[in-house]
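The structure appears right after this line, and notes come after that.
As the structure lists them, so they are numbered: ligands from 1, and atoms in each ligand from 1.
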Amino acid sequence: SGYFTFDPGFTSTASCESKITYIDGDNGILLHRGFPIEQLAKEASFLEVCYILLNGEAPGKEEFSKFERDIKHHTMVHEQIHRLFNGFRRDSHPMAVLCGVTGALAAFYHQGLDVENPEHRRLTAYRLLSKMPTVAAMCYKYSIGHPFVQPKNKLSYAGNFLHMMFATPAEEYVVNPILEKAMDKIMILHADHEQNASTSTVRTAGSSGANPFACIAAGIASLWGPAHGGANEACLKMLEEIKTVEHIPEYIARAKDKNDSFRLMGFGHRVYKNYDPRATVMRETCHEVLNELGIHDDLLEVAMELERIALNDPYFIERKLYPNVDFYSGIILKAMNIPASMFTVIFAISRTIGWISHWIEMHEEGMKIARPRQLYTGYVQRDFKSKL
Ligand code: CMC
């Protein structure tokens, strides 16, 4: 009853209050708990950013050591989860497997879990943060027919993930510090982004009081789409398809053609009408990593030229379309030997802290079930007569 506004895609509706992340899209500013993303990417580790997102303040030494210990306590997954994997096809997309397995964790952490209890919520956050890299690496190992690699808690968060991805029983994997640092930075840049589609999905699912592991699985489902987290995989595929700078104009023309559904992947954003500050850091990181590894990748040239042409084209200027976080991330991940199908999985590992911080904030603030209204455009009332 009463009036309500019609706002498809929620372009102008705030669904909640939040103290976690601030975005000024016109000026390309992103702050987590007030701290600029550029400073966090330069000076903090991913786990430190997790602490900040979760607790609102930067940790002192002791607080951080305890946090790190608590997280590492939960890196293993139940043996039954190992068996669960056998039900999936080996050629399944890892995002499908990640979504299924994360949802299945609800079956392991449900009885006795009281979402109203702050301690239970904290434990849930630790479990999710710890287990996500383990499950993600298992998705990869399963797809290539390798045995799962157990977590090694003496390694860093990013280092442990790389270890579980690339170690084999036959060969010890020595984590390259350049790759470890780059992975950590990629994780920081994806950690949170206020009420994006997947975070809103987690909040919506959680607003009914649902199991948090199931809510995170819902977030993973939402993240998978190419308009959201799936853009990093789609962007690398696009760059590979473009292949050489000569082909760029053809793709720019397609992106501008309203009769063609093709869009430039890694370009444009609902909130940023300026350069995505995460993309600036990602581009720098991309150059650094390739330089340090001594890799030359033609795709980086294609990406830079594509960016240059697009940013000088009236179509992109008028619509304020700039590269977003996913434009350069794929080139870095490729240099790390990570297959494109795992890119969005890595986004999901990183965004888990954002999802769970919002889920906790929602519970702390006291929530109302998410229940949007609609404009009904169907039949007026009519009489039913069976056609059978
Ligand atoms: N290539 C070509 N045209 C575009 C693009 C693009 N990548 N993005 C937007 N446009 C055009 C769009 O066609 C529309 O033009 P017109 O006004 O003539 O109809 C105008 O720009 C506004 O676009 P919109 O679809 O109304 O904007 P939106 O806010 O609904 O969509 C978006 C935002 C990110 C879904 C969209 O820009 C897009 O599809 N980008 C490509 C996918 C991508 O890179 N996604 C990753 C987002 S950042 C990572 C994350 O947080 O998930």
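- Backbone and side-chain nitrogen or oxygen atoms of K273 are examined, and none is located within less than 3.5 angstrom of a nitrogen or oxygen of ligand 1.
- Distance from atom 9 (C) of ligand 1 to its nearest protein heavy atom, with residue and atom name: L321 CD2, 3.5 Å.
- Atom 30 (O) of ligand 1 has its closest protein heavy atom at R270 NH2, 3.0 Å.
- In this structure, A214 and A106 approach most closely via the heavy-atom pair N-CB, 4.0 Å.
- A donor-acceptor pair under 3.5 Å is formed between the side chain of R33 and the backbone N or O of L53.
- F343 and H190 have their aromatic ring centers separated by at least 6.0 angstrom.
- Checked against the 6.0 Å centroid threshold, Y251 and F262 count as a close aromatic pair.
- Remark: minimum distance from atom 50 (C) of ligand 1 to any protein heavy atom is reached at H228 ND1, 3.5 Å.
- Between L264 and ligand 1, a contact under 3.5 Å exists for at least one N or O pair.
- Within the cation-pi definition used here (under 6.0 Å to the ring centroid, within 45° of the axis), R382 qualifies as a partner of Y379.
- Using modelled atom types, one finds a donor on one side chain and an acceptor on the other under 3.5 Å when comparing N232 with T344.
- For the pair R319 and Y315, the cation-pi test (distance below 6.0 Å, angle within 45°) is passed.
- For F148 and H82, the distance between ring centers is under 6.0 angstrom.
- Contacts of T11 with ligand 1, taken as heavy-atom pairs under 4.0 Å, are absent altogether.
- Distance from atom 19 (O) of ligand 1 to its nearest protein heavy atom, with residue and atom name: K258 NZ, 3.7 Å.
- When heavy-atom distances to ligand 1 are checked against a 4.0 Å cut-off, F327 has no atom that comes that close, whether in backbone or side chain.
- Closest to atom 40 (N) of ligand 1, if we only count protein heavy atoms, is F267 O, 2.9 Å.
- The aromatic ring centres of H78 and F108 sit less than 6.0 Å apart.
- Within ligand 1, counting atoms from 1 as listed, the ones closer than 4.0 Å to a heavy atom of V325 are 49 (C).
- Applying the 4.0 Å criterion to heavy atoms of G266 picks out, from ligand 1, the atoms 43 (C), 44 (O).
- When all heavy atoms of M362 and G206 are compared, the closest pair comes out as CE-C, 3.4 Å.
- For atom 12 (C) of ligand 1, the closest non-hydrogen atom of the protein is R263 NH2, 3.4 Å.
- In this comparison of A197, P226, P8, the heavy atom closest to atom 42 (C) of ligand 1 sits on P226.
- Nearest protein heavy-atom neighbour of atom 11 (C) of ligand 1: Y315 OH, 3.5 Å.
- Of the candidates S222, A279, G268, A227, it is A227 that places a heavy atom closest to atom 35 (C) of ligand 1.
- Distances from ligand 1 to the non-hydrogen atoms of F262 include no value under 4.0 Å.
- In this structure, atom 27 (O) of ligand 1 has no protein heavy-atom contact shorter than 4.0 Å.
- Side-chain contact annotation: Y157 with E180, donor-acceptor N/O pair under 3.5 Å absent.
- The contact set between ligand 1 and A231, taken as ligand atoms under 4.0 Å from a residue heavy atom, comprises 43 (C), 44 (O), 45 (N), 46 (C).
- Ion pair R278/E38 not flagged as a salt bridge, since none of the NZ, NE, NH1 or NH2 atoms sits closer than 4.0 Å to an Asp/Glu carboxylate oxygen.
- Selection from R319, R278, K256 by nearest heavy atom to atom 20 (C) of ligand 1 gives R319.
- Between H358 and H363, the gap from one ring centroid to the other reaches at least 6.0 Å.
- Set against the non-hydrogen atoms of G229, the atoms of ligand 1 under 4.0 Å away are 52 (O).
- If you number the atoms of ligand 1 from 1 as listed, the ones under 4.0 Å from a heavy atom of D326 come out as 46 (C), 49 (C).
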